[in-house]
2 protein chains.
Amino acid sequence: MFSKTCEYAIRAMIFVAHKSKDGTKIGIKEIAKGIDSPEHFIAKILQDLGKKGLIQSLKGPNGGFFFENETLNYSIADVVTAIDGNKLFSGCGLGLKECSTAKPCPIHNEFKKVRDDIFNMLQAAKLTQFTDGLENNLTFLNRK
Amino acid sequence: MFSKTCEYAIRAMIFVAHKSKDGTKIGIKEIAKGIDSPEHFIAKILQDLGKKGLIQSLKGPNGGFFFENETLNYSIADVVTAIDGNKLFSGCGLGLKECSTAKPCPIHNEFKKVRDDIFNMLQAAKLTQFTDGLENNLTFLNRK
DNA sequence: CCAATAAAAGACTTAAAACTCTTTTATTTA
DNA sequence: TAAATAAAAGAGTTTTAAGTCTTTTATTGG
Ligand code: FES
Ligand code: FES
């Protein structure tokens, strides 16, 4: 469904949303441990998301990653679009150059339906809404 | 959603189902043209599917690819499983080592829902059911 | 201002996916 | 049975994704 990069990105963003709820900054090492990902790899990914404005960071002692505007409250769909682009949300399921209702592939109708469902569910899934589940060990971001 | 290999595979299988409905065999060159894919690449893919029993082929003059048992009538889900495995149908959306209801990731419930929808729709989509649409130019397997 | 800290940047390696080319084997038909 | 045909097999190459390592830059607190 998502690229490995995107899977790490989503896990990391949810993790940061969880850990930095009160404005605390969270370091890359702790993030890498928390989501069980290669440290330098997730660093690159978050740098990229930082450039695109989806996350903030500060260098130096007590530095780390955090969300400046809780008000923005990005969704998982925003993260997916930033990393994997919009192929999943608007591309043809059978790989035709573009998805088109006028010249549809054989599964266009059914595929469009589930594709839209995926988009809607990821759009509705805000990064901040998972804090409680993680806090109470009802949901997990790693298998350690 | 699917790997490039899998996209080609599905297109090719639907194309063969369409073209060899009356027992005609269809050559790899015509398949490659019909679905707009690299010839040697789709050849490899169909060889693989042949070994797995999803398609039949014969060498020599008048040889080509065809379906022996119309009765089997595989679905797109079968092709996807053969090529991409079952990660899409049963893996964790956030890339955790395994999807588990007991130790779910934050989006497990919602993800499982759309994942099952995808499976059901691909399971219901039989390779032979698209012939009419293709025949009447209502649906397409390329953009040429 | 200096040392410590932590992210940013950039160069790099590895592994997997995508794709190509050449040779071999099976089948048919003249 | 020889020539033509078409897939099978196998050994590549190229490209992209995934992951690593080293150096630089920014920030803080003493
Ligand atoms: S054309 Fe294939 S999904 Fe729309
Ligand atoms: S645990 Fe992530 S989808 Fe089930």
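Below, chains carry the letters A, B, ... as their sequence lines are ordered, and counting in each starts from 1.
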| message | Heavy atoms only, 4.0 Å cut-off, all strands: where does B/Lys51 land among base, sugar-phosphate and nothing? | response | sugar-phosphate
Touch class at under 4.0 angstrom, heavy-atom based, for B/Gly50 against every strand present: nothing
Rounding to an integer number of Å, can you tell me how far [X] [atom1] sits from [N] [atom2]?
| X | N | atom1 | atom2 | answer |
| --- | --- | --- | --- | --- |
| A/Glu39 | C/dA7 | CD | P | 8 Å |
| B/Phe41 | D/dT14 | CZ | C1' | 12 Å |
| A/Gln56 | C/dA6 | CD | C1' | 17 Å |
| A/Lys25 | D/dT28 | NZ | C1' | 10 Å |
| B/Leu46 | C/dA18 | CG | P | 15 Å |
| B/Gln47 | C/dT25 | CD | P | 14 Å |
| A/Ile28 | C/dT5 | CD1 | P | 18 Å |
| A/Phe2 | D/dA18 | CZ | P | 13 Å |

Can you tell if the side chain of B/Asp116 reaches within under 4.5 Å of the side chain of B/Phe89, non-hydrogen atoms only?
no
Using a 4.5 Å cut-off on heavy atoms from C-beta on, say whether the side chain of A/Phe2 contacts that of A/Ile83. no
- Say whether A/Asp78 and A/Ser75, considering side chains only, have a donor N or O and an acceptor N or O under 3.5 Å apart. yes
Should A/Lys25 and A/Glu68 count as an ion pair when the cut-off is N to O under 4.0 Å? no
Can you confirm if the NZ or CZ of A/Lys4 lies within 45° of the ring axis of A/Tyr8 and under 6.0 Å from the centre of its six-membered ring?
yes
- Message: I'd like to know if the side chain of B/Arg11 reaches the main chain of B/Cys6, judged simply by a donor and an acceptor atom lying under 3.5 Å from each other, with no hydrogens or angles considered.
- Response: no
(request) For the pair A/Asn136 (side chain) and A/Gly133 (backbone), establish whether a donor and an acceptor sit closer than 3.5 Å, ignoring hydrogens and angles. (result) no
Under 3.5 Å between N/O atoms: give me all the protein pairs with nucleotides 27-30 of chain C, atom names plus distance.
{"from": "C/dT29", "atom 1": "OP1", "to": "B/Asn62", "atom 2": "ND2", "distance (Å)": "3.1"}

Expected list for residues 76-93 of chain B near DNA chain C, using heavy atoms below 4.0 Å, is none
message = Within a 6.0 Å radius of atom NZ on A/Lys126, are there more than 12 heavy atoms belonging to other residues, nucleotides or ligands?
response = yes
| query | Does atom NZ of A/Lys52 have more than 12 heavy-atom neighbours from other groups under 6.0 Å away? | reply | yes
Phosphate OP1/OP2 of [N] contacted by [X] side-chain N/O (<4.0 Å):
| X | N | result |
| --- | --- | --- |
| B/Tyr8 | C/dA18 | no |
| B/Ser57 | D/dA8 | yes |
| A/Thr5 | D/dA18 | yes |

Identify which nucleotide among [options] has an atom closest to any side-chain atom of [X], counting heavy atoms from C-beta outward.
| X | options | answer |
| --- | --- | --- |
| A/Lys44 | C/dA18, D/dA9, C/dG10 | C/dG10 |
| A/Pro38 | C/dC19, D/dT20, D/dA8 | D/dT20 |
| B/His40 | D/dC21, C/dT20, C/dA7 | C/dT20 |

Contacts under 3.5 angstrom, residues 95-107 of chain B side chains, donor-acceptor by atom type, not counting sequence neighbours:
{"from": "B/Lys97", "atom 1": "NZ", "to": "A/Asp36", "atom 2": "OD2", "distance (Å)": "3.3"}
{"from": "B/Glu98", "atom 1": "OE2", "to": "A/Arg143", "atom 2": "NE", "distance (Å)": "3.2"}
{"from": "B/Ser100", "atom 1": "OG", "to": "B/Ala102", "atom 2": "N", "distance (Å)": "3.1"}
{"from": "B/Ser100", "atom 1": "OG", "to": "B/Lys103", "atom 2": "N", "distance (Å)": "2.8"}

